[in-house]
Amino acid sequence: MSEYSERARSSTAGDGSDGVRIGTAGVVAAIWCELFEVPRVDPHDDFFALGGHSMLAVRMASRLRTELGLRVPVRTILENPTLDGLSQLLAEAVDSATDPAGDRTRP
Amino acid sequence: MSPDSGTTVPVLRAVAEHVRRTPDAAAVRSAREALDYRTLWERSAQVAARLAQLGAAPGTAVGVHLERSADLVVALVGLLRSGCTAVPLDVGYPAERLRFMCADAGVELAVGHQGPLSRLGGFSVVATDGEVCYASAGPSRPVPDPAPAFEAPEVAGDDIAYIVYTSGSTGRPKGVRYAHRNLANLVAWQAGASGCGPGDRTLQFAPASFDVTYQEVLTALGEGGTVVCCDEDERLDPQLLWDIIERERVNRLFIPFVMIQSLALFADEATPQRHPLREILTSGEQVQCTAAIRAMFTRLPDCRLVNQWGTTETHVATWYELPADVTTWVDLPSIGRPITGTGVRVCDPDGRPVPDGEVGELWITGAAVGPGYLGLPERTARSYRTDPLDPAVPAYRSGDLGRVTPDGLLEFLGREDTQVKVRGFRIELGEIESVLAADPSVAQAVVVVAGSAAEDRNLRAFLVPKAAPEDASAWTAGLLAGLRDRLPAYMVPVRADVVGSLPRTPSGKVDRLALATEGAA
């Protein structure tokens, strides 16, 4: 298990409704609950349907950086609007310890 | 080439002087190209020459429909030199709104990039220089290349430099005119007041449809500095903004308050060596010195925070540079003192100045005050007045409330009407409501701002249907999609809820506060 997912596991918040969430998905879910101020989220929940906007995506990127140690581009959050989709992408990034969508080429 | 510093428009005389003295200095940098002052001057003359070839004269309204680029900077300078009135047509706006703006301002000629011009429709390209296209709305036939040499026309101080559109409470955007003399005063003041100078780099962050673009570009060029272009992703993502500050050695930012907050969320590795910022200027919203923002400026001891206040009708009216010592900052900093040639009077509802310390409406007087709205004489007469203390001096009633504090500085205290600021954008809620209410299935529409902190603030719509929709979420989604076709993205609510009726205050008005609280839940 990588260092990131250890950190993710230790900071996981279970939501009690469908068993204790673990790992990256649990961390992402907990951050969504916190930022959208809802008691629980569903894997199919959509960032925009929950009232997400660009500034909220910025704050989400900041929280993900703190909790997962990942640099997550704001665009990645906007372009992967379901909780499930974003969690999977971030879990892969945590496992490979690379930037998600970090293929942005800079001059 | 002769840099005609004696004959160019006043707002560009300092730029022309840099062209003469340091033609090889960097004027504009983008990811794709770098222009020195000589090249900027030649290319902007080419723009002005093309416009003249196409029949434009001082005062002709010319649309500017360019993506973020060095071309945009060149075109703004070229348009000023031509004496034509620039009408920025934001490439991100819906076509319907852009067509309204073109019709309202009488735009029959546009400088643009091919892609946006094609999406807008109604214009045919009649000449091309590099990637810059010149397009005509009328009968079109290509003109010969190259355009005849540029000859600087006579441009008067009262000639209109640009028209930018702001949200209008009755559902109709207002074209705000700003004259060459207003802009020359602003730029001369800003260049003098800023800690940046020759060789310093300023990011071109503002949307092209914002007057702040002129402040960024003309101040940097007037100082002999460099304008650095960015892309939309860098404007959206503070992580990328930190990257470009480091990579391009950016010294000065003009950004809305929410972007300062966003930068502060990612500032824990900022250092003066990597991030040579010396000045962050902000306007459009009440600044709040949060712990994160203080921490960011503590990490960047060479960087000053400057709070500016004004309206589109006046551009910058007042400014306040926060002290170098962050520990002395108050939570809600002052908007400071008026800029050169400009005054602020705190007035009662009848336009009489109130004693210092009392709250009143802020009236801006003097050089900052533009000539008025385009084609709206009654609206202009209501807001563009004269100085209560000197009828020979123009004034603008801002609608903002404030007072003079004991130290002689101005304090901003919000507004009384339903004009709001969301992420630095000025929005009349009534404009959004009127578009929603125009839909035949809507009985009543109210839009409120939910969220109290600036970073949470977002628009929520509450809709009373004429008949209960079969599928409420499909109905609201359809209405929001309709808004996206008609309004800039920043004016589209993030959420719409169906309600049976609207809460009322005891006096019978819609209780916006109750809705805003509900919307935030």
Side-chain angles (χ1 to χ4, degrees), chain A residues 7 27-28 31-42 44-83 86 89-90 93 97-107, chain B residues 29-34 229-244 246-248 256-269 292 422-425 450-451 453-461 473 476-477 480 489-490 492-497 519-521:
Chain A
R7 280 176 54 191
V27 175
V28 179
I31 291 171
W32 277 46
C33 289
E34 173 194 322
L35 292 181
F36 289 115
E37 297 177 19
V38 292
R40 63 177 59 83
V41 283
D42 181 89
H44 304 297
D45 275 345
D46 181 280
F47 178 84
F48 298 104
L50 288 171
H53 47 85
S54 62
M55 190 61 206
L56 201 92
V58 168
R59 289 166 61 204
M60 192 171 285
S62 166
R63 296 287 295 120
L64 290 167
R65 180 163 166 270
T66 307
E67 295 295 331
L68 297 176
L70 286 179
R71 173 172 161 142
V72 184
V74 171
R75 183 164 291 286
T76 300
I77 295 171
L78 300 175
E79 289 178 353
N80 295 274
T82 65
L83 176 58
L86 182 66
L89 193 77
L90 297 179
T98 58
D99 277 3
D103 54 349
R104 184 191 160 85
T105 49
R106 307 288 320 170
Chain B
R29 290 175 60 83
S30 73
R32 301 181 51 195
E33 59 185 330
C229 303
C230 62
D231 64 27
E232 289 304 329
D233 270 16
E234 283 155 342
R235 297 189 68 254
L236 177 75
D237 191 333
Q239 300 167 103
L240 299 175
L241 194 52
W242 278 118
D243 289 350
I244 192 175
E246 179 174 7
R247 192 178 68 244
E248 286 289 326
F257 175 64
V258 284
M259 188 42 81
I260 298 180
Q261 285 184 302
S262 296
L263 281 175
L265 287 174
F266 295 91
D268 46 355
E269 288 169 16
V422 175
R423 298 194 282 286
F425 292 104
E455 71 272 23
D456 289 334
R457 216 173 295 155
N458 59 88
L459 298 172
R460 296 286 169 95
S473 64
T476 55
L480 290 182
Y490 64 82
V492 178
V494 298
R495 183 167 155 177
D497 289 298

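Note on naming: letters A, B, ... go to the chains in the order of the sequence lines (proteins, then strands), and numbering restarts at 1 for each one. Fair warning: this is a prediction, and the values are worked out from it, not measured in the lab.
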Which atoms of A:A57 come close to chain B, meaning under 4.5 Å heavy atom to heavy atom: side chain ones, backbone ones, both, or neither?
neither
Taking the side chain as every heavy atom from C-beta outward, state whether B:D268 and A:R65 have any atom pair closer than 4.5 Å.
yes
Any non-hydrogen side-chain atom of B:L236 less than 4.5 Å from a side-chain atom of A:L78?
yes
Can a donor-acceptor pair be found, under 3.5 Å and without considering hydrogens, that links the side chain of B:D237 to the backbone of A:V74?
yes
Rounded to the nearest 0.5 Å, how far apart are CZ of A:R75 and CD of B:Q239?
13.0 Å
Looking at CZ of B:R235 and OG of A:S54, how far apart are the two atoms once the value is rounded to the nearest 0.5 Å?
10.0 Å
Please report the shortest heavy-atom distance between A:G51 and B:V494, naming the atom on each side.
O-CG2, 3.9 Å
Segment of A:R63 engaging chain B (4.5 angstrom heavy-atom cut-off):
neither
From B:R423 atom CZ to A:M55 atom CE, the distance as rounded to the nearest 0.5 Å
9.0 Å
